[in-house]
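Structure, as structure tokens:
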Amino acid sequence: MKKINILAIILMVCLGSKKSFGQENAASNSYVLFGSSFTEKEDASRNSKIYQNIQSKDTITTQLVGDINEVCQSKGCWMKVNLSNNEEVFVKFKDYGFFVPLDATGRKVVMNGKAFIEKLSVKDQRHYAKDKGASEAEIAKITKPKKTLRFEADGVLIKK
């Protein structure tokens with residue numbers, strides 16, 4: 001009986017964490033889902049125009065579509081996404097609830113979540129530079145805060 005309970009607990013943990021590792025999107029088998037499930041809207045934004053109306057401290061719940069420029073090489077906990085107008089959005093994942101593959105650079109992505117603008121501190125910029133493997137000399141050149149387009153995704157669809 002004890003072995004059955006342990007086996008049941010292990011099974012529940014594995015099934016409960018399935019979304020963290022990516023699931024096939026039922027609607028389209030050409031994308032893999034990471035995070036919470038969502039359906040891509042036809043009016044998902046492919047550029048940064050939504051950021052034009054955001055003041056600091058504001059957020060807009062929306063969807064963005066773009067190409068992944070860069071992924072955190074430590075564990076896939078953030079990514080930079082290029083939108084169609086060549087603006088870059090820095091994306092993190094809600095509550096650190098999921099990660100994306102380290103080799104996702106260059107793939108199309110659809111993101112569901114909240115868009116906002118943030119002033120990124122020198123400390124945070126240096127941390128992210130270190131994550132991407134920047135040299136000490138490159139990191140030392142970071143000396144002032146930077147305004148960034150940000151997105152907190154609760155779910156992402158990444159093209160296979």
Side-chain angles (χ1 to χ4, degrees), residues 6 8-28 30-41 44-46 48 50-51 54-83 87-136 138-139 142 144-160:
I6 292 172
I9 291 170
I10 292 171
L11 184 61
M12 286 189 298
V13 168
C14 289
L15 290 175
S17 65
K18 183 177 177 186
K19 72 177 183 178
S20 297
F21 299 109
Q23 299 175 339
E24 296 294 321
N25 181 12
S28 168
S30 64
Y31 285 86
V32 178
L33 171 68
F34 296 87
S36 298
S37 182
F38 68 97
T39 303
E40 181 181 1
K41 297 177 183 171
S45 182
R46 285 159 172 69
S48 63
I50 61 160
Y51 287 95
I54 298 178
Q55 305 299 315
S56 71
K57 309 283 186 205
D58 287 347
T59 61
I60 295 177
T61 301
T62 189
Q63 289 183 356
L64 292 177
V65 178
D67 296 308
I68 301 172
N69 280 346
E70 189 178 328
V71 174
C72 169
Q73 292 301 294
S74 293
K75 53 187 158 184
C77 59
W78 56 261
M79 63 184 175
K80 292 181 180 178
V81 175
N82 188 43
L83 302 176
E87 291 248 30
E88 191 172 71
V89 178
F90 186 84
V91 182
K92 289 180 84 174
F93 310 113
K94 186 174 181 180
D95 298 328
Y96 229 51
F98 61 97
F99 304 114
V100 296
L102 304 183
D103 64 352
T105 300
R107 295 190 205 167
K108 181 179 175 188
V109 65
V110 180
M111 305 174 294
N112 190 71
K114 295 183 179 181
F116 59 100
I117 294 176
E118 180 178 69
K119 196 170 236 184
L120 200 57
S121 72
V122 170
K123 179 181 175 184
D124 285 345
Q125 289 180 71
R126 288 180 173 177
H127 172 84
Y128 297 133
K130 185 176 179 181
D131 279 354
K132 78 174 191 178
S135 70
E136 290 298 322
E138 291 172 308
I139 292 170
I142 301 170
K144 57 185 174 181
K146 175 179 155 185
K147 178 183 163 187
T148 58
L149 305 181
R150 295 290 306 268
F151 196 86
E152 181 184 75
D154 53 41
V156 298
L157 294 169
I158 298 178
K159 193 165 184 84
K160 290 183 186 177

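Side-chain atoms of Gln63 come within 3.5 Å of backbone N or O of Thr39 as a donor-acceptor pair. Here the side chain of Gln73 pairs a donor or acceptor atom with the backbone of Val71 at under 3.5 angstrom. Not one N or O on the side chain of Thr105 forms a donor-acceptor pair closer than 3.5 Å with the backbone of Ile68.
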request  = May I have the step-by-step check of side-chain hydrogen bond (donor to acceptor under 3.5 Å, both in side chains) for Asn112 and Asp154, ending in yes or no?
outcome  = CA-CA 6 Å; Asn112 190 71; Asp154 53 41; 3.0 Å; yes

task = Check the pair Glu87, Lys147 against salt bridge (charged side-chain N to carboxylate O under 4.0 Å, His left out), reporting the backbone distance first and the verdict last.
result = CA-CA 12 Å; Glu87 291 248 30; Lys147 178 183 163 187; over 6 Å; no

inquiry  = Show, in sequence, the C-alpha distance, side-chain angles and deciding distance for Val156 and Met79, and conclude whether the side-chain contact (heavy atoms from CB on, under 4.5 Å) test is met.
reply    = CA-CA 11 Å; Val156 298; Met79 63 184 175; 4.0 Å; yes

Anything under 3.5 Å between a donor and an acceptor, one on a side chain of residues 125-132, the other on a protein residue two or more places apart or in another chain? List them.
unit_1 : atom_1 : unit_2 : atom_2 : d
Gln125 : NE2    : Leu120 : O      : 3.1
Gln125 : NE2    : Lys144 : O      : 2.9
Arg126 : NE     : Ile139 : O      : 3.4
Arg126 : NE     : Ile142 : O      : 3.1
Arg126 : NH2    : Ile142 : O      : 2.7
His127 : NE2    : Asp131 : OD2    : 3.4
Tyr128 : OH     : Lys92  : NZ     : 3.1
Asp131 : OD2    : Trp78  : NE1    : 3.1

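Summarising the geometry of Val91 relative to Ala153, their closest heavy-atom pair is CG1-CB, 4.1 Å, with the distance given to 0.1 Å. Nearest approach of Gly76 to Leu102, heavy atoms of both residues: N-CD2, 3.2 Å. When all heavy atoms are compared, the tightest approach of Arg150 to Tyr51 is O-OH, 2.6 Å. Closest approach of Pro101 to Ile158, counting heavy atoms only: CD-CD1, 4.2 Å. The two atoms that bring Arg107 and Lys160 nearest to each other are CD-C, 4.4 Å, heavy atoms only. Of all non-hydrogen atoms in Gly66 and Leu83, the two that sit nearest each other are CA-CD2, 4.4 Å.
The distance from atom NZ of Lys159 to atom NZ of Lys108, rounded to the nearest 0.5 Å, is 6.5 Å. In this structure, CG in Leu157 is found 11.0 Å from CE in Met111, a value given to the nearest 0.5 Å. Annotation: the span from Phe90 atom CZ to Leu149 atom CG amounts to 12.0 Å, rounded to 0.5 Å.
For Phe151, the ring-ring contact (aromatic ring centres under 6.0 Å, His included) test picks out no residue, with sequence neighbours left out.
A centroid separation of 6.0 Å or more is found between the aromatic rings of Phe98 and Phe34.
Paired with Glu88 under the rule side-chain hydrogen bond (donor to acceptor under 3.5 Å, both in side chains), one option of Asn82, Thr148, Asn69 passes, and it is Asn69.
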